[in-house]
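A quick note: this is a predicted structure, and the numbers were derived from the prediction, not measured. The residues of the chain are indexed from 1 along the displayed sequence.
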Amino acid sequence: MLSLLIALLLAFLIGWVSQRMGMCLVNASALLLKRRPTLFVALVSCGLFGLLLAPIYRHFGISQPLFTPEVGYPLLIGGGLLFGVASVLNDGCSVGTLTKLTCGNLNKAFTIVGWVLGIVLWYRLNMLPEHRTLLMPEISSSHYLLTLGVVLMALLFLAYVHGDKHLVFSSMLLGALTSALYTFEPQWTPSVFFYHLSQLFWMPEQTAITGQRVAVFVMLLVGMLSFTLRRKTFSYQAFNLSKACVHLLSGVLMGTGASMMLGGNDSQILLVFPTLSLTSTLPLASIVVGIVGALWVKRRWVG
């Protein structure tokens, strides 16, 4: 019971901080193109800051579900590009979809529906099992300490230049909170939750959806909504058929892309990229390229 309460509290805080931070890779990439890279660096590095707690977890024998996807480079790159382009079409990544949903945009719910359908579609077309290698980086190595030091220095410099000082603290706090939640609920991230929802279509008798996981996901949304209400930024947007269809299509493409590279951008940032190998860097890099390319095309041809 105590572990459940701690998990719910952590999920609430993650939702609160994510909403406050404006955690969306699409928005961060758009700011990057406007030469304001602070949010982008803070976002992609929050998983690295979660590694700071790794020595404590090792001491108590607690493992973190970090992994490297063992699939071919074409799937990693193609899935990342598809996910990135679809995120721009959707106007929000995985977490960005939830932050906008809790701000009152009900059409974003169709992104989730489409995401689940996209995973089911990939399963029906592919029929291949997942391949992933679980890893737990040794934080004491000079490699990771140097990486964290460089990222922190870059963030501090960017915060000094652009004045976004709260993003440095938020990135470190979010990394610590997400890392802590993994010890109580290893499969809490939205993209993993959507994946297991989709499994109900082909293996309902072995579902990984539990009451605790649903409660954690709901509490994540409550945290986002609470910050929105506190800041009085809630703006109700009623159902619109054309927008709902766009989000549904975007969700299908995002779900397919996430299936190809074994995880959406949330899992890539928090679980894959922190292993700092070539294979674990490719999916996130491909997502960013897809987002930046789609934003450039949108800006140039759509306006």
Residues 3-19 vs side chain to side chain donor-acceptor pair (under 3.5 Å), sequence neighbours excluded, gives Gln19-Thr102, Gln19-Thr228
Those residues at least two apart in sequence (or on a different chain) that pass side-chain contact (heavy atoms from CB on, under 4.5 Å) with Ala176 are Leu53
Hits for side-chain contact (heavy atoms from CB on, under 4.5 Å) against Val292, two or more places apart or cross-chain, chain-then-number order -> Ser29, Leu33, Val288
In terms of heavy-atom contacts, Leu32 and Pro37 come closest through CD1-CB, 3.5 Å
Separation between CG (Leu39) and CE (Met21), nearest 0.5 Å, reads 6.0 Å
Residue pairs meeting side chain to side chain donor-acceptor pair (under 3.5 Å), one or both in residues 77-97, sequence neighbours left out, come to Asn90-Thr97, Asn90-Thr111, Asn90-His247, Ser94-Asn265
Sorted by chain and residue number, the side-chain contact (heavy atoms from CB on, under 4.5 Å) partners of Thr281 (sequence neighbours excluded) come out as Phe273
Across all chains, not counting sequence neighbours, the ring-ring contact (aromatic ring centres under 6.0 Å, His included) partners of Phe239 are Phe110
So ring-ring contact (aromatic ring centres under 6.0 Å, His included) across residues 79-103, not counting sequence neighbours, yields Phe83-Trp115
>> A side-chain contact here means heavy atoms from C-beta on lying under 4.5 Å apart; do Leu43 and Met23 qualify?
In response: yes
*asked:* Please evaluate residues Tyr73 and Leu76 with respect to the criterion side chain to side chain contact (heavy atoms under 4.5 Å, CB included), reporting the C-alpha separation (whole Å), side-chain torsions for both, the decisive distance (0.1 Å), and the verdict.
replied: CA-CA 5 Å; Tyr73 287 168; Leu76 294 178; 4.1 Å; yes
Residues passing the side chain to side chain donor-acceptor pair (under 3.5 Å) test with Gln212, sequence neighbours excluded, are Glu185
Sequence neighbours excluded, the answer for ring-ring contact (aromatic ring centres under 6.0 Å, His included) partners of Phe40 is none
Answer yes or no: does atom CE of Met203 have more than 12 heavy-atom neighbours from other residues, nucleotides or ligands under 6.0 Å?
-> yes
Measure from the ring center of Phe193 to the ring center of Trp188 and say whether it is less than 6.0 Å.
no
Cys24 and Lys100 have their tightest heavy-atom pair at SG-NZ, 4.0 Å
In short, Cys93 meets Val26 closest at the heavy-atom pair N-CG2, 4.0 Å
CZ of Phe12 to OG of Ser226, rounded to nearest 0.5 Å, is 4.0 Å
Has the side chain of Ser286 got a donor or acceptor atom that lies under 3.5 Å from a matching backbone atom of Leu282?
yes
Residues passing the side chain to side chain donor-acceptor pair (under 3.5 Å) test with Ser242, sequence neighbours excluded, are Asn240
| Under 4.5 Å between any side-chain heavy atoms of Leu98 and Phe217, yes or no? | yes
- Message: With a 6.0 Å cut-off (strictly less than), is the heavy-atom count around CZ of Phe234, excluding the residue itself, greater than 12?
- Response: yes
By side chain to side chain donor-acceptor pair (under 3.5 Å), Asn105 pairs with (sequence neighbours left out) Asn107
The reported gap from CG in Leu181 to CG in Leu220 (rounded to nearest 0.5 angstrom) is 8.5 Å
Look at the side chain of Ser45 and the backbone N and O of Leu48, then say whether any donor-acceptor pair between them is shorter than 3.5 Å.
-> no
Sorted by chain and residue number, the side-chain contact (heavy atoms from CB on, under 4.5 Å) partners of Val246 (sequence neighbours excluded) come out as Leu89, Ser250
*Mind running side chain to side chain contact (heavy atoms under 4.5 Å, CB included) on Asn27 and Leu31 for me, showing each step along the way?*
CA-CA 6 Å; Asn27 293 342; Leu31 290 174; 5.6 Å; no
- Item | Arg20 side chain to Phe227 backbone, donor-acceptor under 3.5 Å | no
Of all heavy-atom pairs linking Leu270 and Leu66, the shortest is O-CD2, 3.4 Å
Residues Leu81 and Gly290: closest non-hydrogen pair is CD2-N, 3.8 Å
Closest non-hydrogen atoms of Val272 and Ser280, given as atom of the first, atom of the second and distance, are O-CB, 3.1 Å
Under 3.5 Å, side chain of Asp266 to main-chain N/O of Val95, donor-acceptor pair present?
no
